[in-house]
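Here the structure comes first, spelled out in structure tokens, and everything after it is commentary.
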Amino acid sequence: MSACVPAPADSARTKHVHPPHSPPPGPRRFRIAGADVSASIAVFLIALPLSLGIALATGAPLQAGLVAAAVGGIVAGRIGGCPLQVSGPAAGLTVVTADLIQQYGWRTTCAITVLAGLAQLGLGCLRVARSALAVSPAIVHGMLAGIGVTIAVAQLHIVLGGTPQSAVPENLAALPAQLANLHPADVAVSVLTLTLLFLWPRLPGRVGRVLGKLPAALIAVAAATALAALTGLRLPKVDLPSWSSHALAALPDGPVLGLVAAVLTTTLVCSVQSLLGAVAVDKLVAARPGLTGRVRRSDLDRELLGQGAANVVSGSLGGLPIAGVAVRSSANVAAGAVSRNSTMLHGGYVVIAALLLVPALELIPLASLAALVMSVGLKMVSLNHIRTVTRHREVLVYAVTTGGVVFFGVLEGVALGIAVAVGVALHRLTRTRITHEETEGGHHIHVRGQLTFLAVPRLSRVLHQVPHGADAVVELDGSFMDHAAYETLQDWQKTHTAQGGSVDITGRRPGLRISEPVEVDDCRCRPWTAWRNHQCERPPTATAPPDAGSQDTTGVADLTGGTGGTGGAGGREGTTTSSPTDLARGISAFQRNTAPHVRGELARLAREGQQPSQLFLTCADSRVVTSMITSSGPGDLFVVRNVGNFVPPPGEESGDDSVAAAIEYAVDVLKVRSITVCGHSGCGAMQALLGTEPGGAQTPLKRWLRHGLPSLARTPGGGDGAGGPRLAGRAAADTAERLCLANVVQQLEHLRAHESVSRALAAGGADGGLELHGMYFHVGEAQAYLLAEEAGEDGEAVFRRVLETDLTA
């Protein structure tokens, strides 16, 4: 919104005015925040044992893990585009690196790491980092799960005192013989490590909260080392040779095609893991109050450049491949880091430890490190990820990718996953158009068609064109959204809101899974698609199948003969019932398409009776669909509709006690917890009330409209919108709208005068008792306003907008 602020009138002149002479400022001193120092120590304590364990799992020299941790912290931390992401040797690279070492040897693996870093630098210069987000999360999670299974099975042999084989099938085949030949010392150290890893974060009480600040990985490895040293256990331990004999990279030696495939595999895994890690760190930063303004959103292209530079340096110095690491990054954010100084300091600490703490590090049992890495591998198989991909109907992609990685290798598994994902997408995918338009009211983004992971790069680019703090409307005009697109949209919405902007997502309720349309009888309207007006793709004389969202399925009778419960296709343009034949068609469509979906729920309501939680009193206007604007279903609302949403005062002789009877029945018999009086824009009753002339024939409509005369009396005239109930953020459009607002407030006063309501309000109770709410629905804007509990500065009632962010803040 800063672009809308005008510059000072004399800004053009002041830039040419020489300021008065003053001494030049002194040199800018480099300062490190205390939060960064404490966070760097926490990250270092986690990184040290994990780096040694990952080096052990790959079969590389153990010093290579320390080199990668130091370079990842210093180089990637300084150059990368995600300030709080911590880079280093990652468990996700373990299987890839182990295969390379076995096939080509350690020095050629270092050369492959250098070449992969150069490839990352090239990709970063081409600014294609966001294209990595086009990879389905199901493939990424499946790849990590497959790597985790491979790691866990291999390290299990070291935990039991043996030596792992080269592949998962061989490790599984050798496991019975390994179990028959256990090494008690290795098993004891491993069990102690795993026990502390599990129990340390779960220590109870105040002592547990204090001790829980120490990393469980450090405590587990330290305790296992102490046990081995104090009891004199004879078992393999860390062996760090002299740095003078440390192996550096050499010219690659091997078949060209094999080396190219190795470089591509390393580049793919390093880049995808780092970029997805940067996106995850942005989520953590957005969730920390006060940090969003201090830490900028990740620059993914710069992050790719930083990772590439780190891999070039690490490979040249004889270190493992480097990627962003989720465990260390989340610990960095949780420990309170505020800048990239934290990850750079942690890299410096690793250098100091590698030079000065070698005697202490050589006391660590290898079985303890293997148990630590095995636990990391098991955590990579996330049940939460499995539930997520299942909910988004991508479990097949996840399973194929996982199985491919376990049995064939990382590159082969990812290729299989991509092939399956493309095949699945072909069943869903249609042309997706994403447009961005800047208007006077803010920014409008319109998405037409299905949103899948293939559209995520375009969606991400368009969303990031919206300036920080701006008002944005995202209109979704499609029937399917997969996990990748949903996550991208939700993450951007949370981040944009945290930075002071506002986001309205229209077209459907965000978060609901919507299936792709199935064409039946040449109609794309399905019973459970989002409610929206559209022209059904049928001949004009035909009637579209009903939309469950457009039905007033409140489970109660419309007590005053309103238009709430159509039970058919009402509410859609071109499908209203205007003849008995059309009515029969609508009922037939309901029986065919919607009834099978709601029959079970309605059968339950028929058995148990209605138990609504709210009495909803609104106008009989056909445009006000109560179930739609309240997202309610059968049995949720007890609805009363009448012309003008009037509540006649008790004792009023109107010749019609239906409203009072409904109020009494809802409060005393149904025991509703809340009552809402809802007015709306363009109300014909309010227009008639403004145009009513005294005298004349007393028709039924005139007699009924007299219940609105108190509302008319409390409505100020004129067109300036001053005085009376008002809308927050804008003035009332005209006198009719001010009358609609005043009418809601007045009818609430009438409602409180009814004996059953006043008795319920006075009773209160521990559960809060009965609540009264006022609501105004603007039909043209599709925007709801709720009457605020507090009055405005002038003491008048205020109606405030209801936004998605109000519920998720």
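Values reported hereafter were calculated over all heavy atoms of this structure, with side chains retained and with hydrogens, waters and symmetry mates removed.
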Name the atoms and distances for all side-chain donor-acceptor pairs under 3.5 Å in residues 221-235, with sequence neighbours left out.
unit_1, atom_1, unit_2, atom_2, d
T225, OG1, V221, O, 2.7
T231, OG1, L227, O, 2.5

For a quick test of your reading: what N or O donor-acceptor pairs under 3.5 Å do the side chains of residues 44-57 make, sequence neighbours left out?
unit_1, atom_1, unit_2, atom_2, d
S51, OG, A47, O, 2.7

Extract all donor-acceptor atom pairs below 3.5 Å that involve side chains of residues 375-387 and protein atoms in other chains or at least two apart in sequence.
unit_1, atom_1, unit_2, atom_2, d
S375, OG, L372, O, 2.6
S382, OG, N384, N, 3.3
S382, OG, H385, N, 3.3

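In this structure, CD1 in I41 is found 11.5 Å from CG in D36, a value given to the nearest 0.5 Å. Between the CG atom in L363 and the CG atom in L357 there is a gap of 11.0 Å [rounded to 0.5 Å]. Separation of atoms CG (L369) and CG (L62) is listed at 7.5 Å; rounding is to 0.5 Å. Taken from NZ in K237 to CG in D239, the straight-line distance is 12.0 Å, to the nearest 0.5 Å. Annotation: the span from N171 atom CG to Q155 atom CD amounts to 9.5 Å, rounded to 0.5 Å. For the atom pair I322 CD1 and T113 OG1, the distance stands at 9.0 Å (nearest 0.5 Å).
Considering only heavy atoms from C-beta on, L156 stays 4.5 Å or farther from V153 through its side chain. Two residues are said to be in side-chain contact when any heavy atoms from C-beta on lie closer than 4.5 Å; Q273 and L144 meet this criterion. Proximity of V325 to V86: side-chain heavy atoms (C-beta onward) are nowhere separated by under 4.5 Å. T343 places none of its side-chain heavy atoms less than 4.5 Å from the side chain of V43. Between L160 and L175, the closest side-chain pair of non-hydrogen atoms falls below 4.5 Å. Within the 4.5 Å cutoff, the side chain of L361 has heavy atoms near those of the L66 side chain. Taking the side chain as every heavy atom from C-beta outward, V389 and V397 never approach each other to under 4.5 Å. At a threshold of 4.5 Å between non-hydrogen side-chain atoms, the residues L100 and T266 count as touching.
Among all heavy-atom pairs drawn from G318 and A64, the shortest one is O-CB, 3.4 Å. Contact detail for L416 and G404: the closest heavy-atom pair is CD1-CA, 4.2 Å. For the pair G77 and R340, the tightest heavy-atom approach, listed with the atom from each and the gap, is O-NH1, 2.6 Å. Closest approach of L196 to P201, counting heavy atoms only: O-CD, 4.2 Å. Among all heavy-atom pairs drawn from T401 and G417, the shortest one is OG1-CA, 3.1 Å. For the pair A367 and I158, the tightest heavy-atom approach, listed with the atom from each and the gap, is CB-O, 4.2 Å.
Between the side chains of Q307 and S87, at least one donor N or O lies within less than 3.5 Å of an accepting N or O.
Residue pairs meeting the side chain to side chain donor-acceptor pair (under 3.5 Å) criterion with at least one member in residues 95-105: none, sequence neighbours excluded. Annotation: side chain to side chain donor-acceptor pair (under 3.5 Å) contacts involving residues 311-338, sequence neighbours excluded, comprise Q120-N311, N332-S342. Each side chain to side chain donor-acceptor pair (under 3.5 Å) pair with one or both residues in residues 192-206, not counting sequence neighbours, appears once here: T193-S368. The stretch residues 142-194 participates, sequence neighbours left out, in no ring pair (Phe, Tyr, Trp, His ring centres under 6.0 Å) pair at all.
Looking at residues two or more places apart in sequence or on another chain, you find a ring pair (Phe, Tyr, Trp, His ring centres under 6.0 Å) between H483 and H392. Remark: D491 pairs with K283 by the salt bridge (Lys or Arg N to Asp or Glu O under 4.0 Å) rule, at least two apart or across chains. Applying the side-chain hydrogen bond (donor to acceptor under 3.5 Å, both in side chains) rule to Q85 yields the partners E303; only residues at least two apart in sequence or on another chain are considered. Residues satisfying the salt bridge (Lys or Arg N to Asp or Glu O under 4.0 Å) criterion with R127, sequence neighbours excluded, are D301. With sequence neighbours excluded, no residue forms a side-chain hydrogen bond (donor to acceptor under 3.5 Å, both in side chains) with D186.
Annotation: L257, atom CG; neighbour count of heavy atoms from other residues, nucleotides and ligands within 6.0 Å does not exceed 12. Residue-environment remark: CZ (R78) stays at or below the threshold of 12 foreign heavy atoms within 6.0 Å. Heavy atoms of other residues, nucleotides or ligands lying less than 6.0 angstrom from CG of L356 number more than 12.
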Let me see the working for I418 and V422 under side chain to side chain contact (heavy atoms under 4.5 Å, CB included), right down to the final yes or no. CA-CA 6 Å; I418 292 174; V422 170; 4.2 Å; yes
Please step through side chain to side chain contact (heavy atoms under 4.5 Å, CB included) for the pair V281 and L84, ending with a clear verdict. CA-CA 7 Å; V281 171; L84 300 189; 4.0 Å; yes
Walk me through whether V159 and V187 qualify under side chain to side chain contact (heavy atoms under 4.5 Å, CB included). CA-CA 6 Å; V159 166; V187 173; 5.8 Å; no
Worked verdict on V405 versus I147 for side chain to side chain contact (heavy atoms under 4.5 Å, CB included): CA-CA 7 Å; V405 171; I147 292 173; 4.0 Å; yes
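S298 places no side-chain N or O within 3.5 Å of a backbone atom of C82 that could act as its donor or acceptor partner. Using modelled atom types, no side-chain atom of T108 and backbone atom of G105 make a donor-acceptor pair closer than 3.5 Å. D482 places a side-chain N or O within donor-acceptor distance of the main-chain N or O of F453, the cut-off being under 3.5 Å.
The only option from L275, V414, L276 that meets the side-chain contact (heavy atoms from CB on, under 4.5 Å) definition with V140 turns out to be L276. Residue V67 is tested with L317, L320, V350 for a side-chain contact (heavy atoms from CB on, under 4.5 Å); the sole match is L317.
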